[in-house]
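Everything below concerns the one structure shown next.
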2 protein chains.
Amino acid sequence: MKDSNRDVTMAERDQLVLRRTLDIICGKWRLFILLNLGEHTRRYGELRRMMPDVSEKVLIQELKSLISLGVLEKESFSEVPPRVEYRLTTKGRGILPHLNSLHLIGAPFMED
Amino acid sequence: MKDSNRDVTMAERDQLVLRRTLDIICGKWRLFILLNLGEHTRRYGELRRMMPDVSEKVLIQELKSLISLGVLEKESFSEVPPRVEYRLTTKGRGILPHLNSLHLIGAPFMED
DNA sequence: TAACTTACACACAAAAAAGTTAGTAAAAAA
DNA sequence: TTTTTTACTAACTTTTTTGTGTGTAAGTTA
């Protein structure tokens, strides 16, 4: 009984962890933001130019979300015109090694 | 020139592969369908009972999508009441070993 | 005979994600 | 002086995703 109860709560915890993963990588652009940042620090406009197909609003919105998830951090400089830099947090950089697995998941399903 | 062109097309191919990955795992329920199937063959109603929070319509819809992606296959028996079984395809089973990486991505972001 | 079962389909509604367009501050460049 | 630049915000529309509720065939069970 004790064990099966613990199993249930572990399964639930696993669900939450997986949902958190989905929060981080799902969405049309999140993964590409992570890839384009990598180990670099980049300005907003620089990211914008690297991803010409995402709208400004959505890019900013996604950057905000990733910041509030703890994946990214941003630094604003009091200059005119404004300068804002984005980079992965330490935890965020921990995601990078796993992106290869994501590649391996989709690869076999390409020729359909 | 040749090299940089090839780089571009490889980057584009990578994007497509990643998007395919997202097709497979994103959505509120897809990952849990994969987890609940695992190496098993299960009837529709069995899945339904394992995931009480997903509506019938959405479950069927997601099963269909996963079938057309080549992740699942289904077998219908001509019985009454009807019996329909779902299982991962061979390619689909190839996803399972990578689910651990998905876990590792989200885990560090849980205590926020 | 009435009720129950299974694996759906269909019409519709609500919610979430993504996109479009216009506007802003304030300095520097033309 | 007008234009350009940067990194946004705000209002709004479109598209996609998810959910709700009802109906159905045709046997089995009560």
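Below, each value reflects all heavy atoms present in this structure, side chains not excepted, and no hydrogens, waters or symmetry copies. First the proteins, then the strands, lettered A, B, ... as listed; each starts at 1.
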Between Trp29(A) and Pro82(A), which has a closest nucleotide on DNA chain C that is more 5'?
Trp29(A)

Side chains of Ser65(B) and Arg30(B): do they bring a donor and an acceptor to under 3.5 Å?
yes

Using heavy-atom distances to pick each residue's nearest nucleotide on DNA chain D, tell me which of Leu63(A) and Val80(B) is more 5'.
Leu63(A)

Return no unless some side-chain N or O of Lys74(A) is found under 4.0 Å from OP1 or OP2 of dC8(D).
yes

5' priority, DNA chain C, between Cys26(A) and Tyr86(B) [closest heavy atom]
Tyr86(B)

At less than 4.0 Å, is any side-chain N or O atom of Lys28(B) found next to OP1 or OP2 of dG19(D)? Yes or no.
yes

Write down the distance between CZ (Phe32(A)) and P (dA18(C)), rounded to a whole number of angstrom.
12 Å

Using a cut-off of less than 4.0 Å, is there contact between a side-chain N or O of Arg43(A) and OP1 or OP2 of dA7(D)?
yes

Once you apply a heavy-atom cut-off of 4.0 Å, does Glu79(B) come out as touching a base, just sugar-phosphate, or nothing?
nothing

Are the side chain of Arg48(B) and the backbone N or O of Val54(B) linked by a donor-acceptor pair below 3.5 Å?
yes

State whether Lys64(A) places a side-chain N or O below 4.0 Å from either non-bridging phosphate oxygen (OP1 or OP2) of dA7(D).
no

Rounding to a whole Å, what distance do you find between Leu59(A):CG and dT9(D):P?
12 Å

Has Arg20(B) got its NZ or CZ under 6.0 Å from the middle of the six-membered ring of Phe109(A), at an angle within 45 degrees of the ring axis?
no

Test: Glu85(B) and Arg42(B) ion pair at under 4.0 Å
no

Answer with base, sugar-phosphate or nothing: what part of the nucleic acid does Val58(B) contact at a heavy-atom distance below 4.0 Å?
base

